[in-house]
Amino acid sequence: MKNLESREDIELLVNSFYNKVIKDETIGFFFNDIVKVDWDKHLPKMYSFWETILFGQMSYKGNPMAVHFPINQMEAMEKRHFEKWLKLWKQTIEENFTGYNASMAITKSENIANLMAYKMEMARKL
């Protein structure tokens, strides 16, 4: 196990995570069937997002919440989906990393998942 401390580490984490996501029955369909993600574009955005979140590099430009609202309109993104996302994310971190930044990646992901689940639910009620 090593510390999560570089862009290369984030790339390993994100790639390993999405390898699980695309195979997962609970959430994989969002990526494979609903959005039909262009991985060559999506993965670098996720590297930058987590680099910004964990290391303060400010390499991410975008609004992740705004990106998810149209998906939520096509197919409800429910709490259980975010719980699965979080479970896979934590599992991937724990398989590969240790230390402060690994713990922060889990804490921040919990906050993100909870906020997104809430906002997606509220959007469906409007």
Side-chain angles (χ1 to χ4, degrees):
M1 298 290 261
K2 67 176 297 255
N3 288 329
L4 177 57
E5 56 193 7
S6 68
R7 170 89 177 199
E8 292 76 24
D9 292 340
I10 288 173
E11 290 177 12
L12 171 65
L13 171 59
V14 168
N15 290 340
S16 299
F17 168 69
Y18 280 109
N19 283 335
K20 290 180 173 123
V21 166
I22 61 173
K23 297 173 192 166
D24 185 79
E25 293 179 10
T26 305
I27 60 174
F29 76 97
F30 281 107
F31 298 87
N32 300 321
D33 303 324
I34 305 295
V35 178
K36 296 179 175 54
V37 169
D38 179 343
W39 294 105
D40 291 334
K41 291 181 181 177
H42 185 68
L43 291 173
K45 285 180 188 176
M46 294 300 93
Y47 306 151
S48 294
F49 176 80
W50 286 104
E51 184 178 46
T52 298
I53 295 291
L54 294 175
F55 305 144
Q57 293 296 322
M58 305 308 288
S59 58
Y60 177 76
K61 306 277 190 270
N63 181 340
M65 196 66 67
V67 172
H68 288 81
F69 284 122
I71 300 166
N72 190 49
Q73 289 178 340
M74 291 186 275
E75 181 75 30
M77 299 177 81
E78 299 173 341
K79 185 171 178 58
R80 66 187 175 94
H81 297 123
F82 291 101
E83 288 170 347
K84 185 60 177 232
W85 175 87
L86 191 56
K87 179 180 179 182
L88 294 173
W89 179 253
K90 288 179 181 180
Q91 182 182 71
T92 307
I93 291 169
E94 291 167 355
E95 289 169 355
N96 293 284
F97 299 102
T98 189
Y100 177 78
N101 287 330
S103 295
M104 286 307 298
I106 289 172
T107 299
K108 294 197 180 256
S109 67
E110 291 169 339
N111 292 337
I112 291 165
N114 289 331
L115 180 61
M116 289 195 79
Y118 173 76
K119 289 205 172 203
M120 295 304 124
E121 181 181 349
M122 290 299 105
R124 288 191 307 276
K125 291 181 177 181
L126 295 177

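Atoms considered below: every heavy atom in the structure, side chains included; atoms not considered: hydrogens, waters and symmetry mates.
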Which is it for Ile22 and Asn32 under the side-chain contact (heavy atoms from CB on, under 4.5 Å) test, yes or no, and what are the steps along the way? CA-CA 7 Å; Ile22 61 173; Asn32 300 321; 3.8 Å; yes
Name each donor-acceptor pair under 3.5 Å that joins a side chain in residues 60-67 to protein atoms two or more places apart or in another chain, with its distance.
unit_1 : atom_1 : unit_2 : atom_2 : d
Lys61  : NZ     : Met58  : O      : 3.3
Asn63  : OD1    : Met65  : N      : 3.1
Asn63  : OD1    : Ala66  : N      : 3.1

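Checked by atom type and distance alone, the side chain of Asp9 pairs as donor or acceptor with a backbone atom of Glu5 at under 3.5 Å. At least one donor-acceptor pair closer than 3.5 Å links the side chain of Asn96 to the backbone N or O of Thr92.
Under the 4.5 Å side-chain criterion, counting only non-hydrogen atoms from C-beta, Phe49 is in contact with Ile112. Side-chain contact check for Glu75 versus Phe29: some heavy-atom pair is nearer than 4.5 Å. Annotation: side chain of Glu94 is in contact with side chain of Ile106 (closest heavy-atom distance under 4.5 Å). By the 4.5 Å heavy-atom criterion applied to side chains, Asn114 and Phe82 are not counted as neighbours.
For the side-chain hydrogen bond (donor to acceptor under 3.5 Å, both in side chains) test with Glu121, the passing option among Arg124, Lys125, Lys119 is Lys125; the others fail. Trp50 pairs in a ring-ring contact (aromatic ring centres under 6.0 Å, His included) with only one of the listed residues (Trp89, Phe55, Phe97), which is Trp89.
Closest approach of Met120 and Met77 over heavy atoms only: CB-O, 3.5 Å.
Under the rule for a ring-ring contact (aromatic ring centres under 6.0 Å, His included), Tyr47 has no partner lying at least two apart in sequence or in another chain. Take Phe30 and apply the ring-ring contact (aromatic ring centres under 6.0 Å, His included) test, not counting sequence neighbours, and it matches His81. Residues that satisfy the side chain to side chain donor-acceptor pair (under 3.5 Å) test with Lys90, not counting sequence neighbours, are Glu110.
Taking Ile, Leu, Val, Met, Phe, Trp and Tyr as hydrophobic and joining them when side-chain heavy atoms fall under 4.5 Å apart, one finds Tyr118 in a cluster with Met122.
Counting only residues at least two apart or in different chains, salt bridge (Lys or Arg N to Asp or Glu O under 4.0 Å) contacts with residues 33-51 comprise Arg7-Glu51.
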